[in-house]
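These numbers were taken from a predicted model, which means no experiment stands behind them. Both counts, for ligands and for their atoms, begin at 1 and track the order of listing.
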Amino acid sequence: MITTRTIPIDDGPQPTVLRAHCAGTGPLALLLHGYPLDHRMWLDTLRSPLARRRTLCALDQRGHGESPFAGDAVHTMERLADDAAAVIRSLTDDPVDVVGLSMGGYVAFALWARHPQLVRSLVLSNTRAGADGHQARAGRDMAVATVLDKGRAAIADAMLPKLLAPDADAMVRARVRTMIEGTPVETIVADLRGLKDRADRVAMLGSITVPTLCVVGELDPITPVAEADVMANGIAGALRVVVPGAAHMTPMEQPAAFAAALGSFWR
Ligand code: MLT
């Protein structure tokens, strides 16, 4: 059973609430979704055998899923990390296993930078440590213009071929489109501004002292296998798993392989 928790956030200019969707038993694992998605990208993970060993909590980050947009012009990774820290503190007194996909991985890096005492282990899935280069930053500006001009369907049209492998299941494709088209335009714009200006974390990799697993889809064109190599080579003792048949949405495209990788890591 999935239970939704509502967590007040009152350390910013606008008090707001966040919703976390939890299933399972045991120590807490916090699941951080990518852009421009929500907790539903983790539904297969919440229903996996991992729930017998962890209380899996999939957060809706501010403005996503069931968490309201709080009025921020920019969703900095630091703000999202402080949100995650408040959620962890409200749910447990212990450090937690953090699982972040793509933007969720950037948030996980910021969480480690700002609140390392809350982190017991890291799963960095389909993400990268580096900041946006010149071309990627220009791409963020173009995406802002696209969503303002043409709406969310245009963002979904542009992203779906990169998020999913060419032969991805039609239902998975529909689920991803539903999430993107349901994310408020103001959230998408605030996310894009935060993604564009996020910090480069490559120099921080050597400071990560918790057990870390880097997961990547073999076909991921957004954060390719080489990005997982950078992270795994930079973090002492980090493990790396390449999931066959998956592109960027590994937990949705290959849920059993994703859960198996985390199951071995959390043993
Ligand atoms: C994501 O999946 O969160 C985004 O693709 C991340 C990004 O665009 O850098």
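- Taking every non-hydrogen atom of G34 and a distance limit under 4.0 Å, the qualifying atoms of ligand 1 come out as 3 (O).
- For R175 and D44, the salt-bridge test passes: some basic side-chain N is under 4.0 Å from an acidic carboxylate O.
- A cation-pi arrangement is not found for R53 relative to W266, the charged atom failing to lie both closer than 6.0 Å to the ring centre and inside a 45° cone about the ring normal.
- At least one N or O atom of Y35, backbone or side chain, sits closer than 3.5 Å to an N or O atom of ligand 1.
- Residue H248 has at least one heavy-atom neighbour below 4.0 Å for each of these atoms of ligand 1: 1 (C), 2 (O), 5 (O).
- Checked by atom type and distance alone, the side chain of R52 never pairs as donor or acceptor with a backbone atom of G26 at under 3.5 Å.
- Nearest non-hydrogen protein atom to atom 4 (C) of ligand 1 is S102 OG, 3.2 Å.
- Each of the following atoms of ligand 1 lies closer than 4.0 Å to a heavy atom of M103: 1 (C), 3 (O).
- Ligand 1 has R140 within reach: a non-hydrogen atom of the residue lies less than 4.0 Å from it.
- Ranking the protein heavy atoms by distance from atom 9 (O) of ligand 1 puts Y106 OH, 2.6 Å first.
- Checking side-chain atoms of E253 against main-chain N and O of A165 turns up a donor-acceptor pair under 3.5 Å.
- Within 6.0 Å of the CZ atom in R5, the count of heavy atoms belonging to other residues, nucleotides or ligands does not exceed 12.
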